[in-house]
K.L.:
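Have a look at the structure that comes next, please.
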Amino acid sequence: MDQRHQSHHRPQHTNSNHHDNHQSTFKRDMDDSGRGHFQHKRFRPGQNHHPAGPSTPPSSPPTQSLSVQRQLYERDFPLYKQPVEVGHFSLDSERRFFNDARQLRYYVEPEKSCPNFDLRDGYRGRFVKRDDRVKEKLDHILRWILANRSKLQLKDTAASSSPCALGVDIVTWRGHLTKLLTTPYETREGWLLAVTRMGGTLYISEVETEAARRDRENRTERHEEMMYWGYKFEQYTCADDAQSLPDPGGVVNTNEAFCTVVQTRLAEHRLLFSGEVDCRDKDPKAPSPPANYIEMKTSLEISTPKQRSNFHRFKLLKWWAQSFLPGVPRIVAGFRDHDGVVVSVETYHISKISQLIKNETNCWKPTVCMNFCCEFLSFVKSVVTEDNPRVVHLFSWDPHRDVTYSIHRDSQYSFLPDWYVKEMTSSTSRETHHQHPPQI
């Protein structure tokens, strides 16, 4: 599909269950505090208000909340415009930013249906792991914005009273939106999202929860190696250019990344977000980005009906959400055994995933995911009204709880760097002098 096409971006359903408004037979695994549900741009404080939960540091007690009960979001699929790629950037082996596509790789389909890729190979001697203790926040996206401001400034922006207006409502990472989409079905991991408003745009950046920090610091060696396996699968199937072959004997360096930057709209919310892209279709006749991008995944081989059901109900939800948001049309999955050997490779088309799951009992629904994300963004807009990068609203959610928030001024949660605020608010920075990145 042409990236300029302005049709609604939604899954293709032949089954109307994803669009009707009937009450589902979901188990009541949420609490009964739905009275705090935010709807129609008004919100009623929950009478049985939940505390912010263990994820939120003690500060300014939250006063209003947003329910996550699935039943509240079972209505028509919201408008989601076809995402348009407005740019891209690369991060090199030392995590340095480049306003170009130098890190983009090309998918090479395995010759055999049972490729026997050994995902353990190179873990001990040819692996450079990114330091995940370093929290980059939105910095790379902000660098892209400064280098490409002229692309974002709409016709009415010139008349704006704010020199830092971008013409979008939300700036964030794709991964943060993915967490929002999956929240109605998440039962184990909570999240913290810091939000600040500057120039009329809301910037959303994740904060690591204490539980996530403990998990990161206490990973087993087996877990660390299995995280490597996904990157190794990419090395077996991705080449540096359209004419070459993959080099599985090289070094896996997880600092390196190619990221797309897309603009779209979810109902009334104008979104600008970035997400890492694993590779693209090497066919020169392939459609324009993001429709030529491919997401690479690994998963344990499916041997029983129960495993298949769990794959549909849990893993496919996250896979779908991650690729649907930026308009990436397909996932190539390597199914491995317990020893990390890929025994089969399958392709999943994002538009067909809803059909795969339709017969699963109590399964996730795309419409619930998108409606919750839309309502959360409306909730955030209604709460975060002070235009000040020194003020952060920290939104907190834990499973079986409402979304709540606390307010922090001049705190450790401030995340827009001084270099960005200064450049965006400078009267001389209205027009960027950077060259546009090369087109893919």
Side-chain angles (χ1 to χ4, degrees), residues 52 55-60 62-64 86-87 89 97 99 134-154 156-177 179-180 191-209 259 261 263 269-274 376-396 403-432 434:
S55 296
T56 306
S59 178
S60 310
T63 57
Q64 295 156 324
V86 292
F89 59 86
F97 173 92
N99 190 28
V134 177
K135 303 307 174 187
E136 297 171 326
K137 303 175 184 177
L138 298 185
D139 287 7
H140 297 309
I141 304 174
L142 304 182
R143 289 187 180 94
W144 181 88
I145 289 174
L146 291 184
N148 298 274
R149 283 183 69 189
S150 61
K151 289 185 175 186
L152 301 174
Q153 290 177 331
L154 305 180
D156 60 348
T157 307
S160 171
S161 60
S162 172
C164 47
L166 291 177
V168 297
D169 299 315
I170 309 288
V171 170
T172 191
W173 282 108
R174 180 265 313 273
H176 302 352
L177 296 175
K179 286 199 173 184
L180 291 172
W191 45 253
L192 287 170
L193 292 173
V195 183
T196 197
R197 180 186 288 267
M198 187 177 77
T201 294
L202 294 166
Y203 296 81
I204 303 178
S205 180
E206 187 174 19
V207 175
E208 185 175 44
T209 65
C259 296
V261 182
Q263 257 187 283
H269 309 298
R270 297 170 297 171
L271 310 179
L272 177 76
F273 60 89
S274 178
F376 174 80
L377 296 178
S378 295
F379 179 55
V380 167
K381 278 184 178 178
S382 70
V383 167
V384 186
T385 57
E386 184 175 351
D387 206 291
N388 184 348
R390 294 161 54 189
V391 175
V392 170
H393 287 67
L394 193 62
F395 290 81
S396 170
V403 177
T404 57
Y405 68 90
S406 52
I407 305 171
H408 306 265
R409 188 178 299 269
D410 294 320
S411 72
Q412 74 268 33
Y413 298 112
S414 297
F415 61 88
L416 289 184
D418 290 341
W419 52 261
Y420 181 75
V421 174
K422 182 178 180 181
E423 182 72 14
M424 289 297 287
T425 54
S426 168
S427 59
T428 61
S429 66
R430 294 301 303 274
E431 291 296 330
T432 179
H434 294 275

K.L.:
Can you name the nearest heavy-atom pair linking M198 to Y203, along with the distance?
P.N.:
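Minimum heavy-atom separation between M198 and Y203: O-CE1, 3.9 Å.
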K.L.:
Do you know which two heavy atoms are closest between S414 and V392, and how far apart they sit?
P.N.:
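That closest heavy-atom pairing would be CA-CG2, 3.6 Å.
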K.L.:
Quick one: are H269 and S378 in side-chain contact, heavy atoms under 4.5 Å?
P.N.:
yes
K.L.:
Indicate yes or no: at least one non-hydrogen side-chain atom of F379 is less than 4.5 angstrom from one of K381.
P.N.:
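No, too far: nothing below the 4.5 Å cut-off.
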K.L.:
Could you tell me whether a side-chain N or O of D387 sits under 3.5 Å from a main-chain N or O of G199, the two making a donor and an acceptor?
P.N.:
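It does hold such a pair.
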K.L.:
Quick one: pull up CD in E423 and CD1 in I145 and give me the separation to the nearest 0.5 Å.
P.N.:
12.0 Å
K.L.:
Calculate, to the nearest 0.5 Å, the distance between atoms NE2 and CZ belonging to H140 and F97 respectively.
P.N.:
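One gets 9.0 Å once the value is rounded to the nearest 0.5 Å.
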K.L.:
Would you compute the distance between atom CG of L138 and atom CZ of R143 and round it to the nearest 0.5 angstrom?
P.N.:
11.5 Å
K.L.:
Between L193 and H176, does the side-chain contact (heavy atoms from CB on, under 4.5 Å) criterion hold? Intermediate values first, please.
P.N.:
CA-CA 8 Å; L193 292 173; H176 302 352; 4.2 Å; yes
K.L.:
In chain order, what residues pass the side chain to side chain contact (heavy atoms under 4.5 Å, CB included) check against K137, with sequence neighbours excluded?
P.N.:
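Checked K137 against side chain to side chain contact (heavy atoms under 4.5 Å, CB included); matches are D139, S205, F415.
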K.L.:
Taking side chain as C-beta onward, heavy atoms only, is S406 less than 4.5 Å from Y413?
P.N.:
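S406 vs Y413: side chains apart.
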K.L.:
Under the rule for side chain to side chain contact (heavy atoms under 4.5 Å, CB included), what residues qualify as partners of E386, not counting sequence neighbours?
P.N.:
N388, V391, R409
K.L.:
Is there a donor-acceptor pair closer than 3.5 Å between any side-chain N or O of N99 and the backbone N or O of F89?
P.N.:
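No: the side chain of N99 does not pair with the backbone of F89.
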K.L.:
Please report the closest heavy-atom contact between I204 and T172, naming both atoms and the distance.
P.N.:
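For I204 versus T172, the nearest heavy atoms are O-OG1, 2.8 Å.
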K.L.:
Looking at V421, L416, T196, D410, which one forms a side chain to side chain contact (heavy atoms under 4.5 Å, CB included) with R390?
P.N.:
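Exactly one candidate clears the test, D410.
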K.L.:
Which pairs count as salt bridge (charged side-chain N to carboxylate O under 4.0 Å, His left out) when at least one residue sits in residues 196-206, sequence neighbours excluded?
P.N.:
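For residues 196-206: K179-E206.
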K.L.:
Within the structure provided, determine whether W419 and M424 are in side-chain contact (heavy-atom separation under 4.5 Å).
P.N.:
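No; the side chains remain at least 4.5 Å from each other.
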K.L.:
Can you tell me how far apart CG (L377) and CG (L271) are? Round to the nearest 0.5 Å.
P.N.:
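With rounding to 0.5 Å, CG (L377) is 6.5 Å from CG (L271).
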K.L.:
Hey, are the side chains of W173 and S274 touching, using non-hydrogen atoms and a 4.5 Å cut-off?
P.N.:
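With C-beta onward as the side chain, the pair touches.
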K.L.:
Within the 4.5 Å heavy-atom criterion, are I141 and V261 side-chain neighbours or not?
P.N.:
no
K.L.:
Run the ring-ring contact (aromatic ring centres under 6.0 Å, His included) test on F376 and W191 for me, step by step, so that the C-alpha distance in whole Å, both residues' side-chain angles and the decisive distance to 0.1 Å come before the verdict.
P.N.:
CA-CA 13 Å; F376 174 80; W191 45 253; 5.6 Å; yes
K.L.:
Taking the side chain as every heavy atom from C-beta outward, state whether F273 and L177 have any atom pair closer than 4.5 Å.
P.N.:
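The answer is yes, as the side chains (C-beta and beyond) meet within the 4.5 Å cut-off.
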K.L.:
Do L272 and L152 have side chains that get closer than 4.5 Å, going by heavy atoms?
P.N.:
yes
K.L.:
Given the rule in the side-chain contact (heavy atoms from CB on, under 4.5 Å) test, do H408 and L394 qualify, once you have shown the distances and angles that lead to the verdict?
P.N.:
CA-CA 7 Å; H408 306 265; L394 193 62; 3.8 Å; yes
K.L.:
Show your reasoning for whether side-chain contact (heavy atoms from CB on, under 4.5 Å) applies to V380 and L202.
P.N.:
CA-CA 9 Å; V380 167; L202 294 166; 3.9 Å; yes
K.L.:
Okay, side chain of K151, backbone of V86: is any donor-acceptor separation there less than 3.5 Å?
P.N.:
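Present.
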